[in-house]
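Here the structure is laid out as C-alpha cells; the discussion comes afterwards.
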There are 2 protein chains.
Amino acid sequence: MPDTTRRADRLPGNRYGNRPTMKDVAARAGVGLKTVSRVVNGEPGVTPETERRVQEAIDALGFRRNDSARVLRKGRTASIGLVLEDLADPFYGPLSRAVEEVARAHGALLINGSSAEDPDREQELVLALCARRVDGLVVIPAGDDHRYLEPELKAGVATVFVDRPAGRIDADVVVSDNFGGARDGVAHLIAHGHRRIGFIGDMPHIHTAGERLRGYRAAMEDAGIPVEDAWMSLGVTDPVRVRRAAEQMLADPHPVTAIFTGNNRVTVTVIRVLAEHTRGVALVGFDDIELADLLQPGVTVVAQDAAALGRTAAERLFRQLDGTLLAPDRIELPTRLVTRGSGELPPAD
Amino acid sequence: MPDTTRRADRLPGNRYGNRPTMKDVAARAGVGLKTVSRVVNGEPGVTPETERRVQEAIDALGFRRNDSARVLRKGRTASIGLVLEDLADPFYGPLSRAVEEVARAHGALLINGSSAEDPDREQELVLALCARRVDGLVVIPAGDDHRYLEPELKAGVATVFVDRPAGRIDADVVVSDNFGGARDGVAHLIAHGHRRIGFIGDMPHIHTAGERLRGYRAAMEDAGIPVEDAWMSLGVTDPVRVRRAAEQMLADPHPVTAIFTGNNRVTVTVIRVLAEHTRGVALVGFDDIELADLLQPGVTVVAQDAAALGRTAAERLFRQLDGTLLAPDRIELPTRLVTRGSGELPPAD
DNA sequence: TAGAGCCTGGACAACGTTGTCAGATGCGGG
DNA sequence: CCCGCATCTGACAACGTTGTCCAGGCTCTA
C-alpha cells in the first residue's frame, strides 16, 4: 500500500510547513508540470480550458510559487539591498522609502538593514545580502574600506554608495554637497555679523562630517576670520556631550555668538541648550528637522533632500542593471539654505 | 578543443554575473563538493590541512554561498517580512528598527515594504514575501480582509499583526491601547475645564482611528458632555483638509476650546494652525512628535511606544517559529500621557 | 597481524522551478 | 488520403546547495 498520508497531514514545521508545489498542482489538474509553470507565469500556449483547470487546482491547494527555486533557476532575484545607518533616524526613512519606490517601479523588492554605524556590521549585512543574491546594493557606508566588495562587483552586483563615498574601491556614489552647504550656512551667519562661530559635528573621518567641517573652515577663511580651537567640537553627537560642548562654547569668556551644527541630532540637542539661554545665540544646522519652522525662533537649516538622494541612487542602480550605465561616477546633489529666524539673529554682544 | 573561455570572460549579466560555485571551489582545492560545503558551514569532520586548502580556494575565487539554493534545500530562509504603511513616517522608523533588532538576534534578515495604506498593495507585498518564503510576517494592515493569508497560515508562515488587528482571520495581534489612551487624553482636557472639545482623526473604519474616536466619545460621555457634530472631523489627514477642519471648529460661533488630534500628522498640522491663532486653544495629540517639548507651549500627547510594539510583535513571531507559542492572542500595550503645556491650557472663553 | 571502530572524504539524490526540445494532436490543402 | 504545419503539452535536465550513505584509510587492541 502506498503512502496515502497527505503532506499536510504530517508533522508541521518542516520545510515551509509543507506547501503544495507545481507538481502537486499538476497532479490535481491532471496536466504536466511545465503546463502549470506556463499558467503561473502567464506564458502563451495554453488552452483556456487547460488554464482554467490549472487555475482551479492552484486556488484549491493555495499554491504559491516558490521564488527561491525560481531565483535559483533564473539567476535574477528581483530584489535589491539597502544598507543604512539607522532606519529610526528621520533622515533615512524618506531615503529608504524613495529607494523602495524606484525598486517597486522596476518590479524589485527592497531588503534593508541597519548597520548602526558599525563597519563590521555593515560588512556582515552586505555579505548576507550578497549571499541572497540581491541584484544590486545601495550602501550608506559606515566603514571606510570596501575592498571586501570587490568579488561582488566583479560578479556583477550593481552597487551605488549614497551619502558617503566608498572606501578604496571604484564605485558609483551619490552625495549631497556637504562642503558647499556648510560653507553657505556659515557664510550666512557671517553675513549677519557673526565672527565667533562654533562648530559641533561628528568625527571628521566620517566623510560627511569632514566635508562639513571643511565648509566651515572655508567660509571662515574666506571672511578672513581665524578659527579658535575652542570653537570646534569634533566627534561629538550623543546628547550629553553635545550639551556639554555647547555650554562650554557659550560659557567662554569670549563666547561664540553663533553655532553651526553638523547634523540633525546635534542640532536638536543644541536647540534644547539654546532654549535654556536667554541671550540670543544664532544657529544654523545641517539637515532639516520637522517642526523647525514652529520653534521660536524658527531654525535655519542647510537642508539636503534625502528622498532625492535615495531616488537618484536607486535609479542609477537600475541603470547599471540595464547596462545603460558604464563608468562609475560621482553625483553631487545641491543643498538648500532654509532661513527661518535662528540663523538671522544678530550677534548678541 | 574544449571550451576554454573562463566563465568570467563571457558576457556579463547572465546568471549572477557568473559567480563561482562550490563545485568550482572543490575543483580548485582538489576536494569533493561536500567537503567544501562542510568547510563553508563549519561542520566537523575536515582535517585542518584540507580546510586550509578549501579556504584558500574560497578566497582566491571570491566564492560566496548562494543562499537561494541553500534555502531551497533547507526550507528555512532565516528572513522575515515587515509590511507597514510608510517607512518615511517617523512612527514606523523605530518600529521597523525594533523588529530588525529582534530578527538580527535570531539570525534573520528583515525585508520590509510600504503598503502606502493601500490594501491591494499590502496584499501584493505580503504575497511577494510569501513567495520568497519568509519564515514569518509582521503586518501593519492597510486592508480589513486578510483571508488571502489563510493558505500561508496553514502552510506555517508565522504571522503577527501590529498596530491594527487582522480582518476576518484569527491571528496574533499587538496593539496600543488606543481607546484608553484617547479617553485619558480627552479626560485630561475635560479635567482642565474644557467642555467644547474637537476631534480630528482618520476614517473610523481604520481600527486605530475608530478606537481613538471611541475613546473620545467615552470620555465625553463619562463627563456627561453631549458631543456636537461640528466638533468632529473624521477621515481627514491631509494637511489642507485638516487645516480647513481646524479653522472651521475655531471659527464657529461657539468655537471649541480644545482639540484632540488622532495621529501625529494631524497633530503637526493643527499645531501650525494654532500657532497662527492668538487665542490659546488647548491641544492633546495622539502619538508623540519630535521637538514637541520645545514648542511654545509644549505639546501634550498620548504617546505610544512604537519600538515596544515592534519588539513585542517580533518576539512573538519568533516564539511562533520556535513552537513555544500556541493559540493566537491579542496583546495591548499601554499608552502614556505626556503633559507639556498645550493640554493644560484653560478654556479661553 | 587481524579485526573492530573511528575519522575523513566523496558520490548521489533531492529541494521546486524553468528552458529545451520533442511528441502529440488537429487542421487545411494537395 | 496523406502530408505539412501550427498549436499545445510534457519529459527531462539543470540551477547550487545540503542530507544520506558508503568507501577507504587510519589507529588501537587483542
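Sequence lines set the chain letters: A, B, ... in the order given, protein chains first and strands last, and positions in each chain run from 1.
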Quantify the bending of the helix from dT1(C)-dA30(D) to dG30(C)-dC1(D) as the angle between its end axes, each fitted on five pairs, to 10°.
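For the helix from dT1(C)-dA30(D) to dG30(C)-dC1(D), the axes at either end differ by 60°.
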D145(A): which residues meet the side-chain hydrogen bond (donor to acceptor under 3.5 Å, both in side chains) condition with it, sequence neighbours left out?
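Once residues adjacent in sequence are excluded, the partners of D145(A) under the side-chain hydrogen bond (donor to acceptor under 3.5 Å, both in side chains) criterion are R147(A).
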Side-chain N or O of [X] closer than 4.0 Å to phosphate OP1/OP2 of [N]:
X	N	answer
R70(B)	dT18(D)	yes
N41(B)	dT18(D)	yes
S37(B)	dT17(D)	no
K74(B)	dT17(D)	no

In this structure, are over 12 heavy atoms from other groups packed under 6.0 Å from D118(A) atom CG?
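Atom CG in D118(A) is packed in, count exceeds 12.
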Got a sec: does the CG of D59(B) have more than 12 other heavy atoms crowding it under 6.0 Å?
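Counting other residues, nucleotides and ligands, CG of D59(B) exceeds 12 neighbours.
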Separation of [N] [atom2] from [X] [atom1] (nearest whole Å):
X	N	atom1	atom2	answer
R64(A)	dT17(C)	CZ	P	13 Å
M22(A)	dT18(C)	CE	C1'	8 Å
R73(B)	dT17(C)	CZ	P	16 Å
R65(A)	dC15(C)	CZ	C1'	17 Å
E43(B)	dT17(D)	CD	C1'	11 Å
L72(A)	dA13(D)	CG	C1'	13 Å
L61(A)	dG16(C)	CG	C1'	15 Å
K23(A)	dT17(C)	NZ	C1'	12 Å

Going by salt bridge (charged side-chain N to carboxylate O under 4.0 Å, His left out), name the residues that satisfy it together with [X], two or more places apart in sequence or in a different chain.
X	answer
R132(A)	none
R97(A)	E100(A), E101(A), D86(B)
E56(B)	R52(B)
R28(B)	none

Using a 4.0 Å cut-off on heavy atoms, which residues in residues 52-60 of chain A reach DNA chain D? List them by number, or say none.
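Under 4.0 Å from DNA chain D: no residue of residues 52-60 of chain A.
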Could you pull out all residues at least two apart from T312(B) that satisfy side-chain contact (heavy atoms from CB on, under 4.5 Å)?
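Residues passing side-chain contact (heavy atoms from CB on, under 4.5 Å) with T312(B): V174(B), I331(B), L333(B).
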With sequence neighbours left out, which residue pairs that include part of residues 102-141 of chain A fulfil the ring pair (Phe, Tyr, Trp, His ring centres under 6.0 Å) condition?
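Every pair satisfying ring pair (Phe, Tyr, Trp, His ring centres under 6.0 Å) with a residue in residues 102-141 of chain A: H106(A)-F318(A).
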Just grab all the ring pair (Phe, Tyr, Trp, His ring centres under 6.0 Å) pairs involving residues 60-80 of chain B, residues at least two apart or on different chains.
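Pairs touching residues 60-80 of chain B that pass the test: none.
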Start with the C-alpha gap between D120(A) and S115(A), add the side-chain angles, then the distance that decides, and say whether side-chain contact (heavy atoms from CB on, under 4.5 Å) holds.
CA-CA 8 Å; D120(A) 292 337; S115(A) 68; over 6 Å; no
Who passes ring pair (Phe, Tyr, Trp, His ring centres under 6.0 Å) against Y92(A), sequence neighbours left out?
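Ring pair (Phe, Tyr, Trp, His ring centres under 6.0 Å) check on Y92(A) returns nothing, list empty.
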Any chance you could list the contact pattern along nucleotides 5-11 of chain C? Use B for base contacts, S for sugar-phosphate-only contacts and - for none, protein heavy atoms under 4.0 Å, 5' to 3'.
---SBBB
